[in-house]
Structure formats: C-alpha cells, structure tokens
Amino acid sequence: FTQFGMGFVADLDGGESLFITDTAHNPSGALARVDVSTYKLGYVGAFAPPLPHCELTGTGDGRLFAFCMNGAGSTLAAVDPTTAKQLGANTLKTGGANNAFAFGFFGGNFYLFTGVNPGGSTITEYDPIKKTETVVKNISQLIVGAGVSTCAPL
C-alpha cells in the first residue's frame with residue numbers, strides 16, 4: 001500500500017482498529033487493518049465489488065464506510081471490515097475523478113469534502129436515511145483529510 005486512505009473503527013471490546021485502503025491500484029482497491037503496536041498490515045482483501053480511489057471512516061458502533069471517487073460523482077459504501085465486501089452502497093452527485101476528497105461521520109450524517117486546487121473545497125452533508133446531499137459551505141482551502149473520533153455521536 002503506497003497511497004492510502006484510512007479510518008478508525010470501534011471494536012466490540014471497547015478498543016478501536018485502524019483500517020487503510022489501497023488507492024494506487026485502480027479500480028479495485030483493497031482493505032487492510034494496521035496493528036498500531038507494530039505498524040504491520042494485516043491484509044483483509046480486495047473490495048468486492050471493486051471500489052476505486054477511496055477514503056475511509058468508521059463509527060463508534062463498529063461500522064466501516066468508504067467514500068470513493070468515480071468519473072463523475074462518487075460512491076458511499078458500507079464495507080464489512082472482516083471481508084472487504086460491500087454491505088450496501090449509494091451513488092452520489094458529489095465529487096469526481098479529479099477531486100481531492102475527505103469525509104467523516106458525525107451525528108448520523110456524513111460530511112463530504114471535495115475540491116480541486118486551486119479552487120478550494122465544497123462541504124456537503126449526506127443524510128443516509130433521506131438519501132439527500134446538501135451543500136453546507138464552499139471554502140477557499142483545499143481539504144484533503146478529515147478525522148472523526150469513534151466516540152463521536154452516532
């Protein structure tokens with residue numbers, strides 16, 4: 001894994017695991033778990049079906065999500081952290097193949113950061129229940145990373 005997205009996911013025992021996704025091997029991508037005491041990778045598998053150019057985020061209840069750039073738009077997928085298989089996916093209008101991107105989960109919604117340099121970023125809120133994308137703000141800075149604690153509100 002030479003280029004990767006990453007995110008923490010809560011474990012059932014009260015700890016958390018760091019996952020990374022390989023973004024250099026298009027189109028499939030792959031998932032691995034990082035042992036944070038040794039920094040060694042434990043390969044989980046290739047995404048099934050394939051997911052290109054993804055970033056990851058996790059939740060306090062153990063769910064893992066991938067936000068992946070497509071030619072025009074993006075995919076937001078729930079991923080099984082033990083197999084790398086998609087559990088469900090939504091196609092979004094937000095983003096595109098040439099976008100810098102990041103995302104996080106907070107209070108039941110996803111916050112998607114997409115943009116190009118120069119030009120800044122668009123912050124979009126995605127409600128997975130209503131399946132709506134709402135632009136929250138456009139800013140002049142390009143956001144290329146976001147992190148959310150696994151103890152953040154679900």
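Excluded from the calculations below are hydrogen atoms, water molecules and symmetry mates; all remaining heavy atoms, backbone and side chain alike, are included. Computed from a prediction, not measured in an experiment: that's the story for all the values here.
Transitive grouping of hydrophobic side chains (ILVMFWY, heavy atoms separated by less than 4.5 Å) keeps V135 and Y126 in distinct clusters. Tracing side-chain contacts under 4.5 Å through hydrophobic residues (I, L, V, M, F, W, Y), one reaches L41 starting from F8; they form part of the same cluster. If you chain together hydrophobic residues whose side chains sit under 4.5 Å apart, L87 and L64 never meet in one group. In terms of hydrophobic clustering, with Ile, Leu, Val, Met, Phe, Trp and Tyr side chains grouped at heavy-atom distances under 4.5 Å, V34 and M6 are assigned to a common cluster. I143 and V116 are not part of a single hydrophobic cluster, where members link through side-chain heavy atoms under 4.5 Å apart.
Of all heavy-atom pairs spanning V44 and P81, the tightest one is CG1-O, 3.7 Å. The nearest pair of heavy atoms linking I129 to D127 is N-OD1, 2.8 Å. Scanning all heavy atoms of the two residues, the minimum distance from A66 to L51 falls at CB-CD1, 4.2 Å. Listed here is the closest heavy atom pair of G120 and L142: O-CD1, 3.6 Å.
Side-chain contact between L31 and L56: present, with at least one pair of heavy atoms (C-beta onward) separated by less than 4.5 Å. Using a 4.5 Å heavy-atom threshold, the side chains of P128 and F110 count as touching. Two residues are said to be in side-chain contact when any heavy atoms from C-beta on lie closer than 4.5 Å; T114 and F67 meet this criterion. Side chains of H53 and C68 form no contact here, defined as non-hydrogen atoms less than 4.5 Å apart.
For Q86 (side chain) and P49 (main-chain N/O), a donor-acceptor pair under 3.5 Å exists by modelled atom type. Panel note: side chain D13, backbone G15; a donor-acceptor pair is recorded below 3.5 Å. Listed for the T21 side chain is no donor-acceptor partner under 3.5 Å among the backbone atoms of G5. Between the D11 side chain and the G14 main chain, no donor and acceptor come within less than 3.5 Å of each other.
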Side-chain atoms of residues 91-105: list all donor-acceptor pairs with protein atoms under 3.5 Å, sequence neighbours left out, distances to 0.1 Å.
| residue | atom | partner | partner atom | Å |
| --- | --- | --- | --- | --- |
| T94 | OG1 | E133 | OE1 | 2.5 |
| N99 | OD1 | G96 | N | 3.2 |

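Within the structure, side-chain hydrogen bond (donor to acceptor under 3.5 Å, both in side chains) contacts touching residues 116-125 (residues at least two apart or in different chains) are N109-E125, Y111-E125, T122-N138.
Remark: the N90 side chain and the T75 side chain contain no N/O donor-acceptor pair separated by less than 3.5 Å.
Evaluation of the ring-ring contact (aromatic ring centres under 6.0 Å, His included) rule for F19 yields no partner, not counting sequence neighbours.
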